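Read through the structure below, which is laid out as structure tokens, and then see the notes.
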Protein chains: 2
Amino acid sequence: MELRHLRYFVRVAEDLNFTKAAAALRVAQPALSRQVQDLEDEIGVDLLLRGPRGVTLTAEGKLFAAEAKQILANTDAAVENVRALARGEYGTLQVGYAPSPTVDMLPPALAAFRKAVPRVTVNLHDLAGDEITAGLRRGELELGLMVRPLKANAEGLTFEPLLRVPLVVACAPNHPLAKLPRVKVHQLLDHPLVVFRRDDYSDYHHMLNEVFLGQSPPRIAVECDSMSSLVTEVAGGRGIALVSRLAERVIGARLAFRSIQDTEVFQEVGLGRALKGDVTPAGENFCDYVRHAAKKVKR
Amino acid sequence: MELRHLRYFVRVAEDLNFTKAAAALRVAQPALSRQVQDLEDEIGVDLLLRGPRGVTLTAEGKLFAAEAKQILANTDAAVENVRALARGEYGTLQVGYAPSPTVDMLPPALAAFRKAVPRVTVNLHDLAGDEITAGLRRGELELGLMVRPLKANAEGLTFEPLLRVPLVVACAPNHPLAKLPRVKVHQLLDHPLVVFRRDDYSDYHHMLNEVFLGQSPPRIAVECDSMSSLVTEVAGGRGIALVSRLAERVIGARLAFRSIQDTEVFQEVGLGRALKGDVTPAGENFCDYVRHAAKKVKR
DNA sequence: GGAGAGTCATGCCCGAAAAGCATCGCTGCG
DNA sequence: CGCAGCGATGCTTTTCGGGCATGACTCTCC
């Protein structure tokens, strides 16, 4: 039995007339007649009652016509799904992201993407920097929206920068540093630092090393495992913190932010992916939307 | 695209090896190779990555393999359903029945049938005699388990008798007639009759006419629309009733039952169907079970 | 590094089967 | 009774799936 038999039979069942069905199927009537006979022989059940004024369906024919129609529809849908998958309009995407640095571009990118390609499910995973790199390497994540990993952490990954965000100092609003319009690196050394956990944010710590290069190392007050606990510690006067300027958006007025005058340290925010382990078309599609959103943020 | 393409591709997707799949499919490897190529060309998407040590599935291939497998399973199921329908092992049956006269045979028949042919759904409709004949004629019922309709009511129907059940007199336990071991027809005339509604049970009334043939017509106390209200009226002393002996089973000890000595009126209980309007194989199958149950009841 | 085994693709031919054409048989209608 | 409309049948043509031989490639093993 082939799909041809189903197509032919379904058409005959709809028209109840071999001649008309044959014309619609662009085949000669005898060919259609024989194919339907073959189908009935193979199933071993009469599906049609031939009369001189057309045909009628038997009970079996009615059932089979309904089932055959469903099978044909499923077949078309299967092909369409595969094509949509290849076009990046179908499937599921695992995306790891660093919440604070991507706050400006991820929501608009996601909104536009979901509207344009509703059949792709995007699963967002709010993760620490090192968790994203690990997830990408293990193939659990397809894409990462993240801060650029440093050399040692970038093994087997590629990173495409989209935004450069300067570091700023965050402190409690009543902190001495908050009285200055801007600060210099050596002034930071007077205050203990609230930082992210070294275990999960090794890149952040490398960056700190760069900032304080040539200076005596800063005192570390406490290591936090997320932005929210870092904010709480800083707001509580436990110390000051170095964060990307975008974090200001997430944190709001609970802290004061001051730019750093004499350093050129930026965080680069962008798209990470594994070197091997394909990014699906849907993933590439998603990247386009992220890039587009990043461009808008720059202005 | 034909089912052959799906069968071939699914097998290749399972073996990840054209040569082995071809052997399993009983075709030569080049033939298989070409059919899968044709499939990919038609869909316009690469489903397989050919390597020198076999093939691997692309993401699209994985999706399509799963969908194709489902389609093939559905196809087999569709054919099996149609065959089962033709064998009378699948489908839905609308059966009208008269509850009291069939109390002995319908439950065991139904139980055995449901066990033997679980994929047939039997919808039972508890109906009055005239409703069954009307339902059969309109094609809403496929079979009726009923008392034989008289000539005027049997137009366009066939009836196959299975049981002959004598009529008995039902009266309240404290009724004068209940003191006699058996009664004669003329004794009934002294008491008003509780009967079924003439509109819905015309055959029942014809039968009453036969019983009282040559006698003065009986007084009718009240017309009931179901056995349960008839029992209530009789038990309340409103009058006596003529019912099939089998009704004793349904009613129990609320009433007294006495056989009638000098009449030969029986009710015939059996299977009714429309003359035209096919009975499905499942229906025929069901009839067999009913006949079998009826035979057991006789003994 | 070369031989060999295993893999899938390609070229060519054959045969099965689907399609086309002409025609038949049947039935209902005018 | 003849004609129109329908599906089936007989025969021919065409298409295409399948088989065989072989090629191209790569990995393994000696």
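Please read all numbers here as calculations on a predicted model, not as lab measurements. In the text below, chain A, chain B and the rest are named by the order of the sequence lines, each starting its count at 1.
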- Note on the structure: Testing C/dG20, C/dA18, D/dG7 for proximity to the side chain of A/Gln35, the answer is C/dA18
- Task: Could you say whether A/Ala28 or A/Pro52 is positioned toward the 5' end of DNA chain C, judged by the nucleotide with the nearest heavy atom to each?
- Result: A/Ala28
- Take A/Arg50 and B/Arg53, find for each the nucleotide of DNA chain D with the closest heavy atom, and name the residue whose nucleotide sits nearer the 5' end. A/Arg50
- Below 4.0 angstrom from OP1 or OP2 of D/dG7, is there any side-chain N or O of A/Thr19? yes
- Task: Write down the atom of B/Leu57, the atom of B/Ala13, and the distance for their closest heavy-atom approach.
- Result: CD2-CB, 3.8 Å
- Task: To the nearest Å, give me how far apart CG (A/Asp38) and P (D/dA8) are.
- Result: 12 Å
- Between B/Leu49 (CG) and C/dT7 (P), how many Å, whole number? 17 Å
- Query: Between D/dC20 atom P and B/Leu32 atom CG, what is the distance in whole Å?
  - Reply: 15 Å
- Nearest whole angstrom, please: distance from the C1' of D/dG7 to the CZ of A/Phe9. 16 Å
- Query: The side chain of B/Arg4 lies closest to which of these nucleotides: D/dC27, D/dG17, D/dG7?
  - Reply: D/dG17
- Report the distance from atom CG of A/Leu16 to atom C1' of D/dC6, rounded to the nearest whole Å. 13 Å
- Item | Flag side-chain contact, heavy atom, 4.5 Å: B/Leu47 against B/Val12 | no
- Query: In whole angstroms, how far is the P atom of D/dC16 from the CD atom of B/Glu42?
  - Reply: 12 Å
- Task: Consider only side-chain N and O atoms of B/Asn74 and A/Gln70, and report whether a donor and an acceptor are under 3.5 Å apart.
- Result: no
- Message: Taking only side-chain N and O atoms of A/Lys20, does any of them lie within less than 4.0 angstrom of OP1 or OP2 on D/dG5?
- Response: no
- Message: If only side-chain N and O atoms count, and only distance matters, is there a donor-acceptor pair under 3.5 Å linking B/Asp41 with B/Gln37?
- Response: no
- Whole-Å distance between D/dG10 P and A/Gln37 CD? 11 Å
- Under 4.0 Å between any heavy atoms, over every strand shown, what does A/Gln29 touch: base, sugar-phosphate, or nothing? Just pick one. base
- Message: Quick check: any donor-acceptor pair below 3.5 Å linking the side-chain of A/Arg34 to the base of D/dG7?
- Response: no
- Note on the structure: Out of C/dA22, D/dC27, C/dA9, minimum distance to the side chain of B/Pro30 belongs to C/dA9
- In terms of ring plane angle, is the pair B/Phe64 and B/Phe9 parallel, tilted or perpendicular, where the classes change at 30° and 60°? tilted
- Within this structure, what is the CG-to-P distance between A/Leu25 and D/dG7, rounded to whole angstrom? 13 Å
